[in-house]
Each structure stands twice: as C-alpha cells, then as structure tokens.
A.B. asks: 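Below are the structure tokens for one structure; questions will follow.
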Amino acid sequence: MGQKTTKQRPGNETGQSHDSPASAATVKVTLHLAVETAQRLGVESAMRRISQSAIAEEVLAAYLSRWQLPDVTDPKRLEAG
C-alpha cells in the first residue's frame, strides 16, 4: 500500500480545516470499501459539508484510540520498515 506524506496547507495554522483531517501532516492511503459504505460516506460528507477524508479520520481515530503508539525518539526508526 503506497503512502504519501504531505505538509499542512499554508494559512492553516490550527490544523483545523473543513477539507482535510486535523493534523499537521497527513498520509495518503487507499482503502477498499463496500459500495454501500462508500455511498453512505459520500452522503454524510455532503450533508456535513466536510471531506470524506475528515470523516474517515474522525471515525478511524476514535476506533483506533484504544491502541497506544510507542514514543519514537530516533527519526531514522520512522523510515525503517
């Protein structure tokens, strides 16, 4: 699965945006969803007027919050893997 790291958009100092998840850096991933799930995501996105990525971030972050990530002190450890 390819991943692409992007920086925060200029002029968006708080990291909050209606177009993207609320983080300083984001990673692009590809997900395969059931047709019905994708349709519901599209409707939710349109009704709330936020991006599908923001909704996915919100839902996945809440679900995955039970897992605690280890602290990484060496930046080279992030690149290995």
A.B. asks: Rounded at 0.5 Å granularity, tell me how far CD in Glu58 sits from CD in Glu44.
C.D. replies: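 Atom-to-atom, Glu58:CD and Glu44:CD are 8.0 Å apart.
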
A.B. asks: How long is the gap from OG1 on Thr30 to NZ on Lys28, to the nearest 0.5 Å?
C.D. replies: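 The distance works out to 7.0 Å.
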
A.B. asks: Using links of under 4.5 Å between side-chain heavy atoms of ILVMFWY residues, direct or through other members, which residues join Val35 in one cluster?
C.D. replies: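 Under the 4.5 Å side-chain rule, Val35 groups with nothing.
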
A.B. asks: Taking side-chain hydrogen bond (donor to acceptor under 3.5 Å, both in side chains) as the test, write out the residues that go with Glu36, two or more places apart.
C.D. replies: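 Result, side-chain hydrogen bond (donor to acceptor under 3.5 Å, both in side chains) vs Glu36: Arg40.
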
A.B. asks: Mind checking side-chain contact (heavy atoms from CB on, under 4.5 Å) for Leu41 and listing every partner two or more places apart, or none if nothing turns up?
C.D. replies: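 For Leu41 the side-chain contact (heavy atoms from CB on, under 4.5 Å) partners, ignoring immediate neighbours, are Leu33, Gln52, Ile55.
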
A.B. asks: Considering non-hydrogen atoms only, spot the tightest contact between Ser51 and Ser45 and give its length.
C.D. replies: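 That closest heavy-atom pairing would be C-OG, 3.7 Å.
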
A.B. asks: Connecting only ILVMFWY residues whose side-chain heavy atoms lie within less than 4.5 Å of each other, what is the rest of Leu69's hydrophobic cluster?
C.D. replies: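 Via sub-4.5 Å side-chain contacts, Leu69 links to none.
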
A.B. asks: Quick check for you: to the nearest 0.5 Å, what is the distance between Glu57 atom CD and Thr26 atom OG1?
C.D. replies: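 Taking CD in Glu57 and OG1 in Thr26, the distance rounds to 9.0 Å.
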
